[in-house]
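Worksheet for the structure shown next.
No experiment lies behind these values; they were computed from the predicted model shown. Hydrogens, waters and symmetry mates play no part in the numbers below; they use all other heavy atoms, side chains included.
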Amino acid sequence: MDYAASNPMESLANAMTPKFAVSYLRVSTRGQAERGGGADEGFSIPAQREANKKKALSMGAMVGKEFVDRGTSAKSADRPELQKMLEYVKENADRVDYVIVHKVDRLARNRGDDVDIMRTLRECGVQLVSASESIDDTPAGMLLHGIMSSIAEFYSQNLANEVKKGLNEKVKSGGTPSRAPLGYLNIRRMDEKGREERTVILDEERAPLIKLAFEEYATGNWTVQDLAEHLAACGLTTRATPRIPSQPINKKSLNSVLINPYYKGIVSYQGVEYDGTHPALVNPDTWQQVQDILLSHINGERTREHPHFLKGSVFCKNCGSRMFINYTKSHTGVRYPYFICGGRHNKRTDCKQRAVLIADVERQVEQIYDSYSFPPKIADYLEKWLRQNIEAEQDKYATELDGLRREKDKLERQRKKLLEAHYNDAIPLDLLKSEQQKIAKQLAAIDHQIKAYDYTFTTVIERLGDAIDLIENCGRTYRMANDNMKKMMNQAIFKRLLIGSDGKVTAEFAEPFTMLVEPMKDEVAQYNSVNNAEAREHLLTSFLSSIPNRLSNFFGKGWSKDFLVELRGIEPLSESQFTMASPITVIILSFPLPSA
């Protein structure tokens, strides 16, 4: 016998006790949660809350617990507050009577998730109630629930397709499909016809520092960690979000900046690159140089323990191993720096090379520069001879330059055709990415050549006189340079500086200096070592008559390719570069003015 049914007073008390309801509220985006009505409420959440309370009262229920997902999509059931609500219902199944939502689509926009949620509620004996729709446990209510759930799923999928279609059209026209990276700002403004326009502008506070980051890292003198600390000290900070305040830039954030092609004017969307309409902060050459440096540091960056401008240039003549720095302390506590053979130290070879004082190596390197200084008359003759030949060659490049520009136009048309074919579903995404990468490399190489052509003649002729003046006394130039400049000069001019078992330093010249110095190094060294005026004059006469033959390889077949210039001072040439600098232009651009 049912005790409650046999006790009228208790039945009356139960009927007068309000039912217990749980209210679930949700908005899809953070913007909806923040737009008006408070930082975490907006307008939608209070409206849902009020509607759910009215529905509960109409059923004689009281909302005793509320769960709110702010800025989360219903495409997935993996929402923190929804999961908390389901756990609460399971733990309080004997207490909870209703779960109230404003609409079914607030709970789920996926039929599979809807079925799983409803199964959990039914197992707990809890009824789902919609404040806006007539759904209940009757067959008609369940049918309406199924229809509304299917409509919600259709709406979600159709909306996603429409958004994707809109984003595709936006990136085709060079727009930014998402939040712009650090250094830029997303803004909304009205055009002349009163339509809202969303665009990207430079962040006046951060953009100069982002540009500085690329320029500094491209020098190769920074690690990402050190540069991040430097930029943080200069005031570069991340942008604040509703959950994370602005903070000084760190290594991770800076690395994300340095690898982002957006800063060179490219919008990347779903793996495809598009020309953006936003202002670029760095040119493609600088951006690529940064990528090359990052790639060279793929195994991690480290600060050198014993930096020195000769480190990396000196090798053991006996076994070919690189020499590195070691310090020895005397009995008086004085530390002496030595170059020691890496092969012997690490026991990779049976080399017997002894340690050599760094000061002795420095002095001998200076003497090498002294011995190859060009006598004034040779320098004057060389300048006139080079100038005449450069001017004679200048007219030959107009035709090649026109050819490069035609090739560039052809590649750009080919890139547009590829995109059009992809838009029409004629080629798959993987093929488009592969072809885009090939074309991008070819365009970058052509742009580099065109810039080199535009730069070469005017710069070489302007600086020719200054360069020849400096060549007259290489030793003076080297001594006046700072440590960083000395290091670049050594790496550009010498392939290796070899230290023999007797401690003597000899030089192997790198290309293209081998072409200039090797044919005449013995004569130059002999001339510089002779003190007798008559003997020097005899050597000079012989030397001048032989210069054209010795340097004929400068102006032979293929000169136009060799004449292209690396626009980066005296850094050693990399095998990754597309073109090879000419011997003349490297010589001219390699020796900075003493004041530099």
Side-chain angles (χ1 to χ4, degrees), residues 164-178 180-181 184 199-200 214 218 258-295 396-456 558-568 574-581:
K164 183 179 179 180
K165 192 184 303 180
L167 290 177
N168 281 330
E169 290 300 320
K170 186 172 185 178
V171 296
K172 285 179 189 178
S173 60
T176 302
S178 57
Y184 294 89
T199 187
V200 172
F214 279 92
L258 295 176
I259 64 175
N260 194 339
Y262 192 88
Y263 294 102
K264 65 172 180 177
I266 297 296
V267 175
S268 181
Y269 180 65
Q270 294 185 337
V272 180
E273 292 187 346
Y274 304 84
D275 291 328
T277 56
H278 61 280
L281 276 176
V282 296
N283 61 61
D285 286 343
T286 301
W287 189 86
Q288 188 57 50
Q289 197 168 356
V290 168
Q291 308 317 302
D292 292 341
I293 295 173
L294 288 171
L295 183 63
K396 297 180 181 180
Y397 299 103
T399 302
E400 292 192 28
L401 189 57
D402 289 341
L404 285 172
R405 288 171 177 158
R406 287 194 299 271
E407 184 66 21
K408 181 179 179 181
D409 291 340
K410 178 182 176 182
L411 288 171
E412 288 177 343
R413 290 194 301 271
Q414 184 178 348
R415 182 166 61 178
K416 290 179 181 179
K417 288 181 180 179
L418 280 170
L419 283 173
E420 291 173 0
H422 175 64
Y423 299 152
N424 296 324
D425 296 326
I427 61 173
L429 181 61
D430 291 343
L431 178 59
L432 174 64
K433 292 179 185 178
S434 174
E435 292 301 314
Q436 270 197 334
Q437 290 174 356
K438 293 179 183 177
I439 293 175
K441 288 181 180 179
Q442 290 175 312
L443 283 173
I446 290 175
D447 284 337
H448 178 79
Q449 291 185 49
I450 291 175
K451 288 180 181 178
Y453 277 118
D454 293 339
Y455 173 88
T456 297
W559 152 259
S560 59
K561 293 182 179 179
D562 290 344
F563 196 67
L564 298 177
V565 181
E566 292 295 337
L567 309 179
R568 57 182 188 145
S574 167
E575 293 181 359
S576 65
Q577 300 298 327
F578 181 82
T579 56
M580 184 182 75

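With rounding to the nearest 0.5 angstrom, the CD1 atom of Ile439 is 12.5 Å from the NZ atom of Lys416. In this structure, CG in Asp409 is found 11.0 Å from CG in Leu404, a value given to the nearest 0.5 Å. Remark: Leu431 CG to Leu418 CG distance equals 7.5 Å, nearest 0.5 Å. If you take CD1 on Ile427 and NZ on Lys417, they are separated by 12.5 Å, rounding to the nearest 0.5 Å. With rounding to the nearest 0.5 angstrom, the CD1 atom of Ile446 is 10.0 Å from the NZ atom of Lys410. Once rounded to the nearest 0.5 Å, the distance linking OG1 of Thr286 with CD of Gln291 reads 11.0 Å.
For the residue pair Asp285 and Gln289, no side-chain donor N or O sits within less than 3.5 Å of a side-chain acceptor on the partner.
For Tyr263 against Pro181, the heavy-atom pair with the smallest separation is OH-CB, 3.4 Å. In plain terms, the two heavy atoms of Phe214 and Leu258 that are nearest each other are CE2-O, 3.7 Å. Nearest heavy atom pair, residue Gly265 against residue Ala280, reads N-CB, 3.7 Å. Taking each heavy atom of Ile293 and Ala218 in turn, the nearest pair found is CD1-O, 3.5 Å.
Counting heavy atoms from C-beta on, the side chains of Val267 and Thr277 never come closer than 4.5 Å. Between Asn283 and Lys264, every side-chain heavy-atom pair lies at or beyond the 4.5 Å cut-off.
A distance-only check finds a donor-acceptor pair linking the side chain of His278 to the backbone of Tyr262 [under 3.5 Å].
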In sequence, state the C-alpha distance, the side-chain angles, and the governing distance for Asp275 and Arg415, and then conclude on side-chain contact (heavy atoms from CB on, under 4.5 Å). CA-CA 11 Å; Asp275 291 328; Arg415 182 166 61 178; 3.4 Å; yes
Audit row: Leu443, Lys408, side-chain contact (heavy atoms from CB on, under 4.5 Å) steps and yes/no: CA-CA 6 Å; Leu443 283 173; Lys408 181 179 179 181; 3.8 Å; yes
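Residues satisfying the salt bridge (charged side-chain N to carboxylate O under 4.0 Å, His left out) criterion with Glu435, sequence neighbours excluded, are Lys438.
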